[in-house]
Student: 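Below: one structure in structure tokens.
None of these values were measured; they are calculated from a predicted model.
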Amino acid sequence: MSEMADLAAFAALLEAGSFTRAAERLGCSKGQLSKRIRALEQDLGAALLHRTTRRLSLTAAGAALLPEAQALVAQGERARQAVQRLQEELAGCVRLTVPVSLGETFFDALLLDFTRRYPQLRVELDLHNGYRDLVADGFDLGIRSGIDMDERLVAKPLFSLQEITCATPAYLHAHGEPLHPADLAGHQCLLNTHYSGFEEWLYHRQHQLERVKVAGALASNHYSLLKKAALAGAGIARLPSYMVYDELADGRLIWLLRDYQTRQVPVFLIHPWQGGLPKRTQVLADYLLDWFERSRRMLDEIAMGRDDDERF
């Protein structure tokens, strides 16, 4: 037991007036409380109480210690209340680290919509593709795929990352629409050099795997650049679903090879383990979970939408 706890027990004892009542308030036995007081006396090298069967009285050392012990207890309570208020306040800064392409995609929605709802909160968004140690680097939340086992972190499934094969109506009008993965071999494909084997695209259908060698005049390790190139009609791209919801919905991009599955990677919302999250962090976590759930439903609606044979 710490000396601070022993001082609090001493103050509680004098306030209650008896070992029995103080032990009840502190949730311990009378014998345990007596041992704590004796341990405090031994640490200080002075008797604090005159013990009789009828009442407790303070020694000179006890009388000198009591107001200091009471002040420490009051200070500890003020500190506890300050932490509690911080946990419950919808104010302050929340630090969030996310992959670059993901952050670029919903950065405007996050800053405009979320901070409009919670004007006393400030979101500090870190865009970084490398590893961030949330605990050491002081982040409240993070978004990651393929998380490592780390007992310091709590992970909640956020969404499943799926690459969408897509191109503009103008490109398809000029070059034709690939109906099978093998047809991609005759198209300008926008390649993502971030991944090994980027010149081979994989597709699944009915437990069959198809590997397609692809090529094109433009390659980059940055999804946002590949998306801009696709929207400019430069070729066919495979882009994360979260990047193309709006473009698929309004027809600027056409979802190709919809009957074929591409690799899906689970993505998690993570935070350091700390019991309950502060409210300012919890509302941002809830916002992100809801944002991605709405985006998933939007993609499902697009996937179930009928093909428009007259789009060209």
Student: Apply the test side-chain contact (heavy atoms from CB on, under 4.5 Å) to residues Ile270 and Lys156: give CA-CA distance (whole Å), side-chain angles for both, the deciding distance (0.1 Å), then the verdict.
Tutor: CA-CA 6 Å; Ile270 59 174; Lys156 295 181 179 180; over 6 Å; no
Student: If you count the non-hydrogen atoms of other residues, nucleotides and ligands that lie under 6.0 Å from CZ in Arg205, is the total more than 12?
Tutor: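 Yes, because the 6.0 Å sphere around CZ of Arg205 holds more than 12 heavy atoms from other groups.
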Student: Start with the C-alpha gap between Arg152 and Asp133, add the side-chain angles, then the distance that decides, and say whether salt bridge (charged side-chain N to carboxylate O under 4.0 Å, His left out) holds.
Tutor: CA-CA 10 Å; Arg152 302 173 303 165; Asp133 186 324; 3.3 Å; yes
Student: Would you say the side chain of Leu127 lies within less than 4.5 Å of the side chain of Val98, judging by non-hydrogen atoms?
Tutor: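 Side chain of Val98 against side chain of Leu127, heavy atoms only: contact under 4.5 Å found.
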Student: Yes or no on side-chain contact (heavy atoms from CB on, under 4.5 Å) for Leu161 and Gln264, after CA distance, side-chain angles and deciding distance?
Tutor: CA-CA 5 Å; Leu161 173 59; Gln264 297 192 23; over 6 Å; no
Student: Would you indicate whether the side-chain heavy atoms of Leu96 and Phe139 approach each other to under 4.5 Å?
Tutor: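 Phe139 does not reach Leu96 side chain to side chain.
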Student: Establish whether Leu158 and Val154 are linked, either directly or via other cluster members, by ILVMFWY side-chain heavy-atom contacts under 4.5 Å.
Tutor: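 Result: no, two separate clusters.
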Student: Is the distance from the ring center of Phe159 to that of Tyr242 below 6.0 Å?
Tutor: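 So the answer is yes for these two rings.
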Student: Atom CZ of residue position Arg25 - does it have more than 12 heavy atoms of other residues, nucleotides or ligands inside 6.0 Å?
Tutor: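 Yes, enclosed.
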Student: Are the side chains of Phe198 and Val214 in contact, using a 4.5 Å heavy-atom criterion?
Tutor: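 A side-chain contact is absent here, since even the closest heavy-atom pair is not under 4.5 Å.
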Student: Going by atom types alone, do His187 and Tyr171 pair a side-chain donor with an acceptor below 3.5 Å?
Tutor: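 Their side chains do contain a donor-acceptor pair, which is all the 3.5 Å distance test asks for.
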Student: Kindly indicate, with the supporting measurements, whether the criterion side-chain contact (heavy atoms from CB on, under 4.5 Å) is fulfilled by Leu218 and Leu225.
Tutor: CA-CA 10 Å; Leu218 177 63; Leu225 189 151; 4.1 Å; yes
Student: Please find the pair of heavy atoms, one from Leu33 and one from Ala9, that lie closest to each other, and give the distance.
Tutor: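 Reported closest heavy-atom pair: CD1-CB, 3.9 Å.
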Student: Nearest 0.5 Å, please: how far is CZ in Arg252 from CD in Glu247?
Tutor: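 So the CD of Glu247 and the CZ of Arg252 are separated by 4.5 Å.
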Student: With a 4.5 Å cut-off on side-chain heavy-atom distances among I, L, V, M, F, W and Y, is there a chain of contacts connecting Leu184 to Leu202?
Tutor: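 Looking at the clustering, Leu202 is in a separate group from Leu184.
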Student: Do Leu231 and Met243 sit in one hydrophobic cluster, given that two such residues count as connected whenever their side-chain heavy atoms are within less than 4.5 Å of each other, even indirectly?
Tutor: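 Yes, one cluster joins them.
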Student: Does a side-chain heavy-atom distance below 4.5 Å link Phe268 with Ser145?
Tutor: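 Not touching, per the 4.5 Å side-chain cut-off.
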Student: Tell me if a side-chain donor or acceptor on Thr281 pairs with a main-chain N or O of Asp140 at a distance below 3.5 Å.
Tutor: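 Between the backbone of Asp140 and the side chain of Thr281 there is no qualifying donor-acceptor contact (under 3.5 Å).
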Student: Counting N and O atoms only, with roles assigned by atom type, does the side chain of Asn129 sit under 3.5 Å from a partner on the main chain of Val100, one being a donor and the other an acceptor?
Tutor: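 Judged by distance alone, yes, a pair lies under 3.5 Å.
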Student: Looking at Ala237 and Leu226, what are the two nearest heavy atoms and their distance?
Tutor: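 Between these two residues, the closest heavy atoms are CB-O, 4.4 Å.
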Student: Partners of Thr20 by side-chain contact (heavy atoms from CB on, under 4.5 Å), sequence neighbours excluded?
Tutor: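 Once residues adjacent in sequence are excluded, the partners of Thr20 under the side-chain contact (heavy atoms from CB on, under 4.5 Å) criterion are Ser18, Glu24, Lys30.
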Student: Would Arg238 count as a cation-pi partner of Tyr203, with NZ or CZ less than 6.0 Å from the six-membered ring centre and within 45° of the ring normal?
Tutor: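 Yes; both conditions hold, so Arg238 lies above the ring face of Tyr203.
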Student: If you group Ile, Leu, Val, Met, Phe, Trp and Tyr by side-chain heavy-atom gaps below 4.5 Å, do Trp291 and Leu248 land in one group?
Tutor: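 The answer is yes; both residues are in one hydrophobic cluster.
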Student: Rounded to the nearest 0.5 Å, what's the gap from CZ on Arg294 to OH on Tyr245? Could you check?
Tutor: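 If we round to the nearest 0.5 Å, Arg294:CZ and Tyr245:OH are 11.0 Å apart.
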Student: Hey, are the side chains of Leu239 and Cys166 touching, using non-hydrogen atoms and a 4.5 Å cut-off?
Tutor: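 Result yes, sub-4.5 Å side-chain heavy-atom pair found.
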Student: If you compare all heavy atoms of His271 against all heavy atoms of Leu134, which two are closest, and at what distance to 0.1 Å?
Tutor: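 Taking His271 first and Leu134 second, the nearest heavy atoms are CA-CD2, 4.0 Å.
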Student: If you take all heavy atoms of Ala217 and Gln188, which pair is closest and at what distance?
Tutor: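 Closest approach of Ala217 to Gln188: N-OE1, 2.8 Å.
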Student: With a 4.5 Å limit on heavy-atom distance, are the side chains of Asp183 and Glu177 in contact?
Tutor: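 No - every pair of side-chain heavy atoms lies 4.5 Å or more apart.
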Student: Side chains of Tyr195 and Asn221: donor-acceptor distance under 3.5 Å anywhere?
Tutor: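 There is no such pair (donor and acceptor under 3.5 Å, judged by atom type) between the side chains of Tyr195 and Asn221.
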Student: Please check this pair: side chain of Arg95 against backbone of Leu125, looking for a donor-acceptor N/O pair closer than 3.5 Å.
Tutor: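 No; judged by distance alone, with no hydrogens or angles, the pair does not exist.
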Student: For the residue pair Ala12 and Leu26, what are the closest heavy atoms and their distance?
Tutor: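 Result for this residue pair: CB-CD2, 4.1 Å.
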Student: Under 3.5 Å, is there a donor on one side chain and an acceptor on the other for Glu163 and Thr262?
Tutor: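 Not at all, the side chains of Glu163 and Thr262 share no donor-acceptor pair under 3.5 Å.
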Student: Flag the pair Arg122 / Val94 as yes when at least one side-chain heavy-atom distance between them is below 4.5 Å, and no otherwise.
Tutor: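 No, side chains not in contact.
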Student: Drop me the distance from Asp126's CG to Thr97's OG1, to the nearest 0.5 angstrom.
Tutor: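 So the CG of Asp126 and the OG1 of Thr97 are separated by 4.0 Å.
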Student: Under the side-chain contact (heavy atoms from CB on, under 4.5 Å) criterion, do Leu7 and Leu65 qualify, and how do the steps go?
Tutor: CA-CA 9 Å; Leu7 288 169; Leu65 179 64; 3.9 Å; yes
Student: How long is the span from the NE2 atom in His222 to the OG1 atom in Thr193, to the nearest 0.5 Å?
Tutor: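 Going from NE2 on His222 over to OG1 on Thr193, the span is 11.0 Å.
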Student: Side chains of Leu121 and Val283: closer than 4.5 Å at any heavy-atom pair?
Tutor: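 Yes. Closest side-chain heavy atoms under 4.5 Å.
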Student: Considering all heavy atoms of both residues, which atom of Gly251 and which atom of Pro169 are nearest to each other, and what is their separation?
Tutor: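 For Gly251 versus Pro169, the nearest heavy atoms are O-CG, 3.4 Å.
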Student: With rounding to the nearest 0.5 Å, note down the distance linking CG in Leu112 to CZ in Arg116.
Tutor: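 Here the rounded value is 5.5 Å.
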Student: To the nearest 0.5 Å, what is the distance between CG (Leu257) and CG (Leu179)?
Tutor: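 Result: 8.0 Å between the selected atoms.
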